[in-house]
> 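A single structure is presented below for examination.
Proteins come first, then strands; the chains are lettered A, B, ... in the order of their sequence lines, and each starts at number 1.
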Protein chains: 2
Amino acid sequence: MKTGVFIVDDHYMVIEGIRSLLQNEKDIEWLGHAMNVASCHAFLKQQLPDIILMDVNLPDLSGIELCKEVRQLFPSVFVLGLSTFNQRPVIQNMIDNGASGYILKNATKEELLDAIGTVMKGKSFLSFDAALSMKDPIDKAPLITRREKEILQLIAEGLTNAEIGEKLFISIPTVNTHRKSLLEKFGAKNTAALISKASKSGIL
Amino acid sequence: MKTGVFIVDDHYMVIEGIRSLLQNEKDIEWLGHAMNVASCHAFLKQQLPDIILMDVNLPDLSGIELCKEVRQLFPSVFVLGLSTFNQRPVIQNMIDNGASGYILKNATKEELLDAIGTVMKGKSFLSFDAALSMKDPIDKAPLITRREKEILQLIAEGLTNAEIGEKLFISIPTVNTHRKSLLEKFGAKNTAALISKASKSGIL
DNA sequence: AGAAAAATCATCTTTTTTAATGATTGTACA
DNA sequence: TGTACAATCATTAAAAAAGATGATTTTTCT
């Protein structure tokens, strides 16, 4: 019984790379690819793969949503995230939404096969170890609340506390409180460092 | 006479994808790949390719530097940048440093061959058209000076004007002047917006 | 060599952020 | 059902950034 593999990624060369890696594998059947959410939907109406390799950031921006949907509609279909580095928060988000793990785009053929095998056994595959062993510094994003995120985004847009307060119908001191907890949670000395770290960690 | 192609990219799957796309081309000889600047250097000591496909952001962070070096040391070697979207400023930087153009990682086989052919004729290949037709909003980065960039980075790290002045041996008003021209060039209302825009445009 | 751009410094005012403390009201969850 | 935690508001003060103007010295490029 072959494992049906489908891939969703907006980079043709990555699709081609994975296809090339998997094409001679006896246990794997290449079902095709989609380069956006819409065509992935279209495919799933026709046929269900065993596993979907899914880029964590698609042009539609809703890779996380897609993962959630797939897992809800078709619980038998496993999702394995495909990512580059410094996308830890996005990956976490994807796993929270039902992905069975993720694999880095610079993984070797062996790692890829290992990941597919592991996931098909119902286990999860995380290559955090590989990521951690890289020198690339991964700023892990702190957990922030809905309100804090909302305010963080407005700060990044350049609004002052007064403007944010007006927009959200809250007082300036309140905005300030959230701002301070953001600074603390991110370990940032000031707004500049805050926005910089938030950007790097993928929240913005 | 075959065209010798070498690739520098930190994503194994992209390397594999391009190899797979090019392997049956009669006019192209696959010379190998490097996943970082160091091993690219090592290769160039042994053999000179006709064209190097080079990822714009390598783990060493010095893709632009590498491009510059290669073009200076070996003017006969063409460099074609490999990029994803929203990296316009980085690409521009690479072209300013001698790259003959760039191609998106979601390009088709035809586009890739076209790009290689065009570059080998000594022309430049830019897939800006393709990029522009995408809905992905590209924040084009303003041209900033070396000094401004230096200060921008220190601001992003959370240093105050006084600290920056001390570090760079310049006065606080000077730091302020640069800061203001950064705000103006980026069209940002304040530091938060500045860092946010700079991050999005890939400068940080 | 000369023009343009970059980098430097200064003064002064206003606005905004940061810090330090304290307190109340919901609400989710064990 | 009580205990975190989130979200709200307040006061006061110090630090920092932003805005306005003007000027000099280097670099860089043509």
> Decide yes or no for A:I195 and B:T191: does some side-chain heavy atom of the first lie under 4.5 Å from some side-chain heavy atom of the second?
no
> Calculate the interatomic distance between A:I172 atom CD1 and C:dT15 atom C1'; express it in whole Å.
12 Å
> Taking five pairs at each end of the helix from C:dA1-D:dT30 to C:dA30-D:dT1, what angle separates the two helix axes (nearest 10°)?
80°
> Rounded to whole Å, how long is the line connecting atom NZ of A:K149 with atom C1' of D:dA7?
18 Å
> Should the pair B:K109-B:E25 be classified as a salt bridge under the 4.0 Å nitrogen-to-oxygen rule?
yes
> Rounded to whole angstrom units, what separation is found between the CD1 atom of A:I195 and the P atom of D:dA17?
15 Å
> Considering only D:dA10, D:dA16, C:dA6, which nucleotide approaches the side chain of B:T160 most closely?
D:dA16
> Under 4.0 Å between a side-chain N or O of B:S171 and OP1 or OP2 of C:dT8?
no
> State which of D:dA7, D:dC9, C:dA7 makes the closest approach to the side chain of A:T145.
D:dA7
> What is the separation between atom CG on B:L168 and atom P on D:dT26, rounded to the nearest whole Å?
18 Å
> In this structure, how many angstroms lie between the P atom of C:dT17 and the CG atom of A:L154, rounded?
12 Å
> Are there over 12 heavy-atom neighbours, none belonging to A:K149, within less than 6.0 Å of that residue's NZ?
no
> C:dT8 phosphate, OP1 or OP2: any side-chain N/O from B:R147 under 4.0 angstrom?
yes
> So does A:K189 have more than 12 non-hydrogen atoms from other groups sitting under 6.0 Å from NZ?
yes
> Rounded to the nearest Å, what distance is computed from the CG atom of residue B:L194 to the P atom of nucleotide D:dA17?
12 Å
> In whole Å, what is the span from the NE2 atom of B:H178 to the C1' atom of D:dT25?
13 Å
> Does the protein touch nucleotides 18-26 of chain C at the base, only the backbone, or not at all? Give it as B, S and - per nucleotide, heavy atoms under 4.0 Å.
B-BB-----
> Figure out the CD/C1' separation between A:E184 and D:dA7, and round it to whole Å.
16 Å
> Counting neighbours of CD on B:E184 that are heavy atoms of other residues, nucleotides or ligands and sit closer than 6.0 Å, is the number greater than 12?
no
